[in-house]
Amino acid sequence: MFEQELLPTLQTARSRYQDALVHLKEAELGWKLALGSNSIGFLIHHIAEVEYRFCMMFFGRAIPSEITLTTIGPVKDEGNFTDLSALLAFKDAAYYYLLDSLAALPKDAWDIPCEAPIATLTPRQALGRLIYHMGYHGGQIGLIRKYGGPQ
């Protein structure tokens, strides 16, 4: 069900996010739009962490034990995400974990509401919210790359 009905939408949205990262340089990871805002590196890490968290909250899969969520909640960007290869590996691992979680979700579970700290959503609704989240922050990354710089 997921592969035929929902995967193409996720892949299209993901391709737009990936486009925002084309030719990204390690020096850009600390770029921001303004003092106190989040950097490109922080946002990439945050998107990946939220993918892991949604797997736990809505898609029936625990967060791997080696993953620590550091960019979710009332947190401040401390400039910790500056290793491009590590960051891109983390991003890809989270996405593949998400894909595996979505593919394993039984067809009859997609429309059963799940209570979570952020909302009560069905997995289908949660996937929509996750796509929006990725697009929102992906757009921020595009704006930072266009108008931002080192802070």
Side-chain angles (χ1 to χ4, degrees), residues 2 6 9-21 24-105 109-151:
F2 165 69
L6 300 172
T9 302
L10 177 59
Q11 288 172 324
T12 299
R14 189 68 175 201
S15 73
R16 302 304 299 153
Y17 169 47
Q18 290 291 108
D19 288 349
L21 303 179
L24 182 66
K25 295 172 184 57
E26 195 162 78
E28 293 175 279
L29 294 177
W31 286 15
K32 299 178 177 187
L33 276 177
L35 287 174
S37 64
N38 293 322
S39 67
I40 291 174
F42 182 94
L43 291 170
I44 293 169
H45 203 274
H46 173 71
I47 292 167
E49 283 187 12
V50 169
E51 289 171 349
Y52 279 120
R53 189 164 186 232
F54 269 54
C55 288
M56 177 196 67
M57 292 188 301
F58 301 108
F59 308 134
R61 197 159 178 211
I63 297 172
S65 60
E66 70 274 10
I67 302 300
T68 302
L69 304 179
T70 60
T71 66
I72 296 174
V75 295
K76 185 177 184 321
D77 183 352
E78 300 290 341
N80 299 328
F81 306 105
T82 58
D83 180 332
L84 182 59
S85 62
L87 194 56
L88 294 179
F90 185 73
K91 172 189 68 73
D92 291 342
Y95 182 62
Y96 293 124
Y97 195 82
L98 172 67
L99 290 178
D100 287 345
S101 300
L102 295 172
L105 195 64
W110 278 94
D111 297 302
I112 297 172
C114 303
E115 283 188 42
I118 63 165
T120 298
L121 301 170
T122 67
R124 187 183 310 271
Q125 291 169 322
L127 181 59
R129 186 164 173 171
L130 190 60
I131 290 170
Y132 170 79
H133 179 265
M134 178 180 53
Y136 180 83
H137 290 307
Q140 287 179 318
I141 291 168
L143 286 171
I144 295 167
R145 291 189 77 193
K146 186 172 183 176
Y147 299 114
Q151 296 292 317

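Values reported hereafter were calculated over all heavy atoms of this structure, with side chains retained and with hydrogens, waters and symmetry mates removed.
Considering Leu24, Asp83, Asn80 as possible partners of Leu29, the one that fulfils the side chain to side chain contact (heavy atoms under 4.5 Å, CB included) test is Leu24.
For the pair Phe58/Leu130, no side-chain contact is recorded, criterion being any heavy-atom separation below 4.5 Å from C-beta on. Contact of the Lys91 side chain with the Ile47 side chain is not registered, since no non-hydrogen atoms from C-beta on lie closer than 4.5 Å. Side-chain contact between Thr70 and Phe42 is absent, with no heavy-atom pair separated by less than 4.5 Å. Contact annotation: the side chain of Asn38 never approaches that of Ile144 to less than 4.5 Å [non-hydrogen atoms, C-beta and beyond]. Residues Trp31 and Pro150 meet the side-chain proximity criterion, which asks for heavy atoms closer than 4.5 Å.
Residue Phe81 holds its CZ atom at 8.0 Å from CG of Leu87, rounded to the nearest 0.5 Å. If you take OH on Tyr97 and CG on Leu102, they are separated by 11.5 Å, rounding to the nearest 0.5 Å. Distance check: Glu28 CD to Leu21 CG gives 10.0 Å after rounding to the nearest 0.5 Å. Atoms OG1 and CD, from Thr82 and Glu26 in turn, are 6.5 Å apart once rounded to the nearest 0.5 Å. Atom CD1 of Ile40 is separated from atom CG of Leu84 by 10.5 Å, given to the nearest 0.5 angstrom. Atoms NE2 and OG1, from His45 and Thr71 in turn, are 6.5 Å apart once rounded to the nearest 0.5 Å.
Ile67 approaches Phe90 most closely through the heavy-atom pair CD1-CE1, 3.6 Å. Closest heavy-atom contact between Thr120 and Pro113: CG2-CB, 3.8 Å. Across Arg129 and Leu121, no two heavy atoms sit closer than the pair CD-CD1, 3.9 Å.
Using cut-offs of 30° and 60° for the angle between ring planes, the Phe54 and Phe59 rings count as tilted. Below 30°, between 30° and 60°, or above 60°: for His137 and His46 the angle between ring planes is above 60°, a perpendicular geometry.
Between the side chain of Gln151 and the backbone N or O of Lys32 there is at least one donor-acceptor pair closer than 3.5 Å. Distance alone, capped at 3.5 Å, is enough to place a donor-acceptor pair between the Arg145 side chain and the Ala20 backbone.
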